[in-house]
Amino acid sequence: MVATTLSTGPSTTLRSDHNLSAHRSRDHIPTITIKAASQPPQKWPKIRSVTRSSVHANKTLDGNSNGGDRELQRIFDDAQSLPKPLSVSDLSSSSSGSRLRVAYQGVPGAFSESAAAKAYPNCEAVPCEQFDTAFDAVERWLVDRAVLPIENSLGGSIHRNYDLLLRHSLHIVGEVRLSIRHCLLANQGVKLEDLKRVLSHPQALSQCENTLTKLGVVREAVDDTAGAAQYVALQQLKDAGAVASAGAAKIYGLNILAEDIQDDTDNITRFLMLAREPIIPGTDRPFKTSIVFSLEEGPGVLFKALAVFALRRINLTKIESRPRRKQPMRLLDDGSLKYFDYLFYVDFDASMADENSQNALRHLEEFATFLRVLGSYPADISLT
Ligand SMILES: O=C(O)C(=O)C[C@]1(C(=O)O)C=C[C@@H](O)C=C1
């Protein structure tokens with residue numbers, strides 16, 4: 001028996017136990033839950049330390065007399081296991097030669113899993129129940145990276161994930177763009193006209209708005225596209241379908257009723273790769289940098305902030321504003337009430353190794369009330 005968690009909407013979470021005997025091939029794939037973060041799945045080495053400093057603190061020398069060689073070996077082993085700054089070469093494999101473990105939200109067959117495979121072709125993709133769990137898994141050294149969808153060409157920004165970037169202190173070390181091709185899946189023998197409801201991730205449902213409206217089905221939001229497919233299969237639903245990938249159809253033994261059902265053929269999602277340590281930015285290839293900042297109230301302040309880039313001919317590729325959660329309202333010096341303090345997330349086409357970028361951020365720092373560099377990383381210039 002495996003516990004599967006499906007969220008049926010923003011506020012309700014449905015937890016049900018399913019017998020996976022019909023799907024034995026997936027039994028071995030551990031999905032990380034919040035609880036599992038403190039009890040790693042058995043095939044992973046037991047992780048005792050969770051921070052860089054506690055890694056150091058745990059390494060004590062053995063004072064035994066016959067331990068000279070052993071001691072040296074241990075020091076050597078310890079040195080090998082200490083975290084090293086990531087370099088660009090770490091983007092496709094782990095420096096120790098072992099497979100990089102990449103956490104993603106969802107179950108096998110989710111688009112985030114494909115994004116992990118695109119970014120790190122030989123990685124071990126580790127399914128997590130929630131994005132928070134994926135972040136946690138990196139922070140607790142259970143995995144090496146997390147993958148996070150951040151924006152989509154049809155649906156726009158994934159706001160919640162912007163908030164997560166700020167709440168955690170992981171670094172952006174890469175990005176990938178993935179072409180998202182949605183299929184309508186159902187159990188064998190179920191026809192299009194039998195469908196009364198369709199389950200999927202809210203982003204996926206909104207990307208297929210036109211098709212689903214034409215079908216006149218009820219839409220039900222769940223945690224991820226592949227999770228929807230898994231649920232439809234496990235429950236052997238006859239009146240429900242799932243919007244998910246062709247890969248998910250294969251994994252969960254579903255039939256593809258319709259292909260490419262997204263509103264636009266070119267449906268692209270941009271994912272970010274996150275790590276505990278930043279990579280050393282280079283200038284040998286196109287780099288992007290992501291920052292977040294806040295500003296004082298006043299006319300033209302945002303204009304001034306953006307000018308620090310324009311003056312240096314730095315191209316901005318994205319700007320997103322989000323209300324500051326902890327301080328939604330505050331009193332200004334003149335006694336008036338300011339309703340929302342905003343955080344501005346900006347991506348620009350330059351590496352932090354460029355003096356030009358460093359000068360721009362130094363300039364911005366002079367008047368920003370808060371500034372954080374989220375990461376400087378190689379731009380994904382591949383065709384999706
Ligand atoms: O549900 C999935 O398969 C995901 O990987 C999540 C997600 C998203 O959050 O945007 C990823 C890509 C698609 O845009 C639809 C859903």
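Reckoned from all heavy atoms, side chains included, excluding hydrogens, waters and symmetry mates. These figures come from a predicted structure and were not determined experimentally. Counting starts at 1 for both ligands and their atoms, following the listed order.
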A.B. asks: Between Ser351 and Thr283, do the side chains contain an N or O donor and an N or O acceptor separated by less than 3.5 Å?
C.D. replies: no

A.B. asks: Quiz question: by atom type and distance under 3.5 Å, do the side chains of Tyr342 and Arg322 form a donor-acceptor pair?
C.D. replies: no

A.B. asks: So His182 and Phe111, would you call those rings parallel, tilted or perpendicular, with 30° and 60° as cut-offs?
C.D. replies: perpendicular

A.B. asks: Thr225 to ligand 1: N or O pair under 3.5 Å?
C.D. replies: yes

A.B. asks: When you check the side-chain N and O atoms of Glu320 and Ser157, is any donor under 3.5 Å from an acceptor?
C.D. replies: yes

A.B. asks: Starting from the C-alpha separation in whole Å, work towards a yes-or-no answer on ring pair (Phe, Tyr, Trp, His ring centres under 6.0 Å) for Phe370 and Phe293.
C.D. replies: CA-CA 5 Å; Phe370 162 78; Phe293 59 88; 9.1 Å; no

A.B. asks: Return the closest protein heavy atom for atom 11 (C) of ligand 1 as residue, atom name and distance.
C.D. replies: Phe271 CZ, 3.9 Å

A.B. asks: Ignoring angles and geometry beyond distance, decide whether Asp224 reaches within less than 3.5 Å of ligand 1 through its nitrogen or oxygen atoms.
C.D. replies: no

A.B. asks: In ligand 1, which numbered atoms sit nearer than 4.0 Å to a non-hydrogen atom of Ala110?
C.D. replies: 3 (O)

A.B. asks: As an exercise, identify every atom of ligand 1 less than 4.0 angstrom from a heavy atom of Gln203.
C.D. replies: 8 (C), 9 (O), 10 (O)

A.B. asks: Please work out whether the ring planes of His168 and Phe135 are parallel, tilted or perpendicular, with thresholds of 30° and 60°.
C.D. replies: tilted

A.B. asks: Among all protein heavy atoms, pick out the one at the shortest distance from atom 13 (C) of ligand 1; state its residue, atom name and that distance to 0.1 Å.
C.D. replies: Thr269 OG1, 3.7 Å

A.B. asks: Hey, does Glu113 sit under 4.0 Å from ligand 1 if you only count heavy atoms?
C.D. replies: no

A.B. asks: Backbone, side chain, both or neither: what part of Ile158 comes under 4.0 angstrom of ligand 1, heavy atoms only?
C.D. replies: side chain

A.B. asks: Considering only heavy atoms, does Gln105 approach ligand 1 within less than 4.0 Å through its side chain, its backbone, both, or neither?
C.D. replies: neither

A.B. asks: Heavy-atom count around Lys250 NZ within 6.0 Å, excluding the residue itself: above 12?
C.D. replies: no

A.B. asks: Polar contacts were defined as any N/O atom of the residue lying under 3.5 Å from an N/O atom of the ligand; does this apply to Asp223 and ligand 1?
C.D. replies: no

A.B. asks: Quick check: does Phe131 get an N/O under 3.5 Å from an N/O on ligand 1?
C.D. replies: no

A.B. asks: Judging by distance only, is a nitrogen or oxygen of Ser112 under 3.5 angstrom from one on ligand 1?
C.D. replies: yes

A.B. asks: Does Glu355 CD have over 12 foreign heavy atoms under 6.0 Å away?
C.D. replies: no

